[in-house]
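See below for the structure under consideration.
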Amino acid sequence: MTKKTLIFVFSLFLIGSVFLFFSKPFIFSYDIRMIIASLIAMVLAQYIEIPIGGVRFTAKPFLYLFLIPFITPETVMFLSLLTIPLVKKIPWQTKLLRLAFEFLQFSVGIFFFKHAIYDYLSLVYFAAGYFATNVILSFVYIPFFTKTNLKNYLSVGFLVFLLGLYASLIVTTLYILPEVKLTYLIFTFLLYAGFLVQLHYTVTAQVWYQELKYEQDEIKREIENLSKIPAVLEELGREDVDKVLSDLLEVSCKMIGFSAALLNLFDYKSGRVVRVAKYGIKDEDFEMLKSRQPQIKDTLVLMQSRFDSGGVYFIPKGSINLDQTYVFRPLEYAMLDVDNAWDPDDLFLVPLIYNNKTIGYISFDKPINGLRPAKREIELSKFFAWQFVQIVKESKYRGFFLSYYPEETTVSELMEEISKAIEMKRTFSFVYLDIDNFDKLNLEKGYVFGDEILREIKNSLENEIRNYGLYTRVGDEFMILLWTKSKSDAMILVQKVIDNIKEKYPYVSISGAVVKYPVDADNLEGILNKAKTALSASKKSGGGRLINI
């Protein structure tokens with residue numbers, strides 16, 4: 001919670017205390033049965049949501065109006081504030097904000113209740129004060145803290161105010177009936193229950209209408225922005241690629257429904273993340289981000305299988321520790337008070353994949369609807385990720401990822417890379433190759449010939465697995481790490497290497513084994529042991545075979 005929000009919350013408590021001071025004397029109800037029943041009803045009511053105009057309200061305020069004729073509004077306020085911290089599904093910041101809103105709304109409502117001209121109008125006065133305060137607070141909080149257009153809430157705020165007044169008028173019939181009778185009480189209860197049922201069906205119909213309207217708006221937005229893509233791509237040959245990427249990023253944000261985004265590429269030569277384009281971020285903030293270049297390995301840690309949402313990665317707030325040096329919020333904004341609301345500390349990362357390798361990612365932020373990405377947004381983001389890859393692979397940035405591994409790495413570096421992949425739960429294949437009867441070849445053909453064979457295998461490996469992985473050599477054995485999604489892809493790549501050697505040297509035989517992580521083994525020791533066992537089996541069966549564990 002920001003300092004500005006804390007000051008706002010403190011101000012609400014302070015103003016509410018002033019209204020309560022002028023509402024004395026305070027009267028509390030001591031009917032234990034009524035208090036317990038009211039407390040249970042409030043706990044249940046705060047889980048019942050009433051969606052009006054795209055905004056969700058709990059059913060508690062309508063319950064308050066029915067309880068006040070039986071227990072004092074001061075008691076209702078105390079019980080209401082007591083139940084708010086009991087909600088487990090919302091963060092403490094939201095609970096504190098709810099407490100402040102509720103405290104001030106009750107304080108104003110009680111002040112009006114105590115100063116009603118006629119007793120039978122006291123409940124109407126309470127409803128007017130309570131709901132009017134809610135409207136005023138919303139008009140203050142929404143534009144200054146959520147950075148959202150206020151006009152979307154104007155009609156909703158006044159509608160809730162009128163519904164609250166109407167509900168209070170129904171319950172007020174208890175005050176104007178000639179005497180207290182059970183039949184009158186039942187009549188008022190049924191009248192109020194009928195109002196709530198009617199409200200439920202009206203709201204349901206309104207929700208359907210809102211969903212339909214939202215769907216129409218989404219389709220309209222997508223059509224408008226899809227028509228801009230060809231114009232952006234036509235500028236590829238004439239404009240600087242950075243401008244094209246920025247323009248396409250803007251189109252993608254507007255089409256998917258996000259207010260800000262950052263395009264990042266992996267420079268595998270330096271091992272750093274390079275910020276390439278932005279949308280919805282100030283120029284000075286973008287320059288600051290460009291100076292901060294996190295390591296690729298730290299970024300890949302975020303792309304874990306547990307965060308995978310259909311090919312993209314959604315990382316909820318608090319699910320992983322982030323280096324605060326590289327964390328940036330494009331705007332200060334508050335989350336909506338709903339279950340699937342987007343939190344300012346959520347991350348939505350869309351990877352850029354080229355030849356089965358992650359070459360960068362797009363980080364989208366601040367959804368326009370305030371909600372976490374749904375299937376529609378996810379599929380659209382993957383479509384744009386493909387578009388960005390098509391541009392980047394032919395641009396000045398292609399050098400970042402086209403030859404990011406050295407021609408040959410050491411055994412220790414290869415093992416370290418495998419260990420990192422296991423730690424990040426990143427899928428890969430491990431291949432173990434060995435030249436059959438290599439000592440005999442050296443004796444019969446000479447060591448110069450043996451060196452020639454090794455060079456040919458290295459050249460073939462570099463040509464076939466470039467951008468797919470890396471390898472190392474120990475004597476006449478080759479160990480290869482491949483970032484392929486399936487084991488069959490790995491076998492096809494390695495079989496090409498073997499076939500290339502066989503075509504040039506028909507009398508040279510190569511045995512091999514392929515192990516897939518995490519399907520075949522889930523740790524480094526298991527991977528190496530299974531590969532050695534499979535390689536041994538290949539040799540015992542006569543050699544020249546690539547065995548799939």
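None of the values given here were measured: they were computed from a predicted structure.
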Q) Tell me, do P373 and W342 make a side-chain contact under 4.5 Å, heavy atoms counted? A) yes
Q: Determine, using ring centers only, whether Y361 and Y313 are less than 6.0 Å apart.
A: no
Q: Supply the atom-to-atom distance L97 CG to L6 CG, rounded to the nearest 0.5 angstrom.
A: 10.0 Å
Q.
Quick check: closest heavy atoms across D267 and V274, and the distance to 0.1 Å?
A. CB-CG2, 3.9 Å
Q) Without hydrogens or angle criteria, can the side chains of D434 and S511 be said to hold a donor-acceptor pair below 3.5 Å? A) no
Q. Measuring from F348:CZ to I256:CD1, what's the distance to the nearest 0.5 Å?
A. 6.5 Å
Q.
Check this for me: does any side-chain nitrogen of one of K458 and E462 sit under 4.0 Å from a carboxylate oxygen of the other?
A. no
Q | cation_pi(K445, Y507) dist<6.0 Å, angle<=45 | A | yes
Q | Residue K496 excluded, over 12 heavy atoms near NZ under 6.0 Å | A | no
**Q.** Residue pair I435 / L454, side-chain heavy-atom distance below 4.5 Å
**A.** yes
Q. Is the number of heavy atoms from other residues, nucleotides or ligands within 6.0 Å of NZ (K540) greater than 12?
A. no
Q | Student check: side-chain heavy atoms of V389 and I353 closer than 4.5 Å | A | no
Q: Check whether the ring centres of F364 and F384 lie less than 6.0 Å apart, and answer yes or no.
A: no
Q. Are the side chains of L248 and I391 in touch, meaning some heavy atoms are under 4.5 Å apart?
A. yes
Q | Residue pair L245, V392: steps toward the side chain to side chain contact (heavy atoms under 4.5 Å, CB included) verdict | A | CA-CA 9 Å; L245 292 172; V392 170; 4.2 Å; yes
Q) Which atom pair, heavy atoms only, marks the closest approach of L470 to E417? A) CD2-CG, 4.2 Å
Q. How close do D343 and K317 get, heavy atom to heavy atom, and via which atoms?
A. OD1-CD, 3.2 Å
Q.
For the OG1 atom of T358 and the CG atom of L265, what is their distance to the nearest 0.5 Å?
A. 12.0 Å
Q: Examine distances only and state if a side-chain atom of R372 and a backbone atom of A374 form a donor-acceptor pair shorter than 3.5 Å.
A: no
Q | Atom CD of E284 with >12 non-hydrogen neighbours under 6.0 angstrom | A | yes
Q) Does K393 offer a backbone N or O that forms a donor-acceptor pair with the side chain of R398 under 3.5 Å? A) yes
Q) Is K502 reaching over with its side chain to a backbone N or O of G544, donor-acceptor style, under 3.5 angstrom? A) no
Q: Flag the pair I422 / I527 as yes when at least one side-chain heavy-atom distance between them is below 4.5 Å, and no otherwise.
A: yes
(Q) Does any part of the side chain of S259, heavy atoms only, come nearer than 4.5 Å to the side chain of D365, both counted from C-beta? (A) no
Q: Nearest 0.5 Å please: distance from the CG atom of L461 over to the CG atom of L433.
A: 6.5 Å
Q) Given the rule in the side chain to side chain contact (heavy atoms under 4.5 Å, CB included) test, do L528 and Y432 qualify, once you have shown the distances and angles that lead to the verdict? A) CA-CA 9 Å; L528 295 177; Y432 206 162; over 6 Å; no
Q | Heavy-atom pair of closest approach, residues S395 and V241 | A | CB-CG2, 3.8 Å
Q: Tell me, with the steps shown, if L262 and L289 meet side chain to side chain contact (heavy atoms under 4.5 Å, CB included).
A: CA-CA 10 Å; L262 189 65; L289 283 169; 4.0 Å; yes
Q) Looking only at atom types and distance, does a side-chain atom of S460 sit under 3.5 Å from a main-chain N or O of I457, one as donor and one as acceptor? A) no
(Q) For the OG1 atom of T299 and the CZ atom of F266, what is their distance to the nearest 0.5 Å? (A) 5.0 Å
Q.
Testing the basics here: between A531 and A513, what is the closest heavy-atom pair and its distance to 0.1 Å?
A. O-CB, 3.5 Å
Q: In plain terms, say whether K278 and D285 are close enough for a salt bridge, that is, a side-chain N and a carboxylate O under 4.0 Å apart.
A: no
Q.
Would the distance check show the side chain of S419 and the main-chain N or O of M415 forming a donor-acceptor pair, the cut-off being under 3.5 Å?
A. yes
Q.
Keeping K290 on the side-chain end and R275 on the backbone end, is there a donor-acceptor pair under 3.5 Å?
A. no
(Q) With rounding to the nearest 0.5 angstrom, report the NZ to NZ distance, K516 to K530. (A) 14.5 Å
Q) Does S536 use its side chain to pair, donor to acceptor, with the backbone of K532 at less than 3.5 Å? A) no
Q) Taking all atoms of both residues into account, what is the closest heavy-atom pair of F428 and L481, and its distance? A) CD1-CD1, 3.2 Å
**Q.** Cationic N near anionic O, under 4.0 Å, R455 to E452
**A.** no
Q. Salt-bridged, K243 to D247, with N to O below 4.0 Å?
A. yes
Q) Quick one: does V508's side chain get under 4.5 Å of E456's, heavy atoms only? A) no
(Q) Given 3.5 Å as the limit, does a donor-acceptor pair link the side chain of S509 with the main chain of D436, or not? (A) no
Q: Any chance you could lay out the side chain to side chain contact (heavy atoms under 4.5 Å, CB included) test for V276 and D242, step after step, and finish with the verdict?
A: CA-CA 7 Å; V276 175; D242 290 337; 4.1 Å; yes
**Q.** Flag, side chain of T472 to backbone of T409, donor-acceptor distance under 3.5 Å
**A.** yes
**Q.** Polar side-chain atom of D308 near backbone of G310 as donor-acceptor pair, under 3.5 Å
**A.** yes
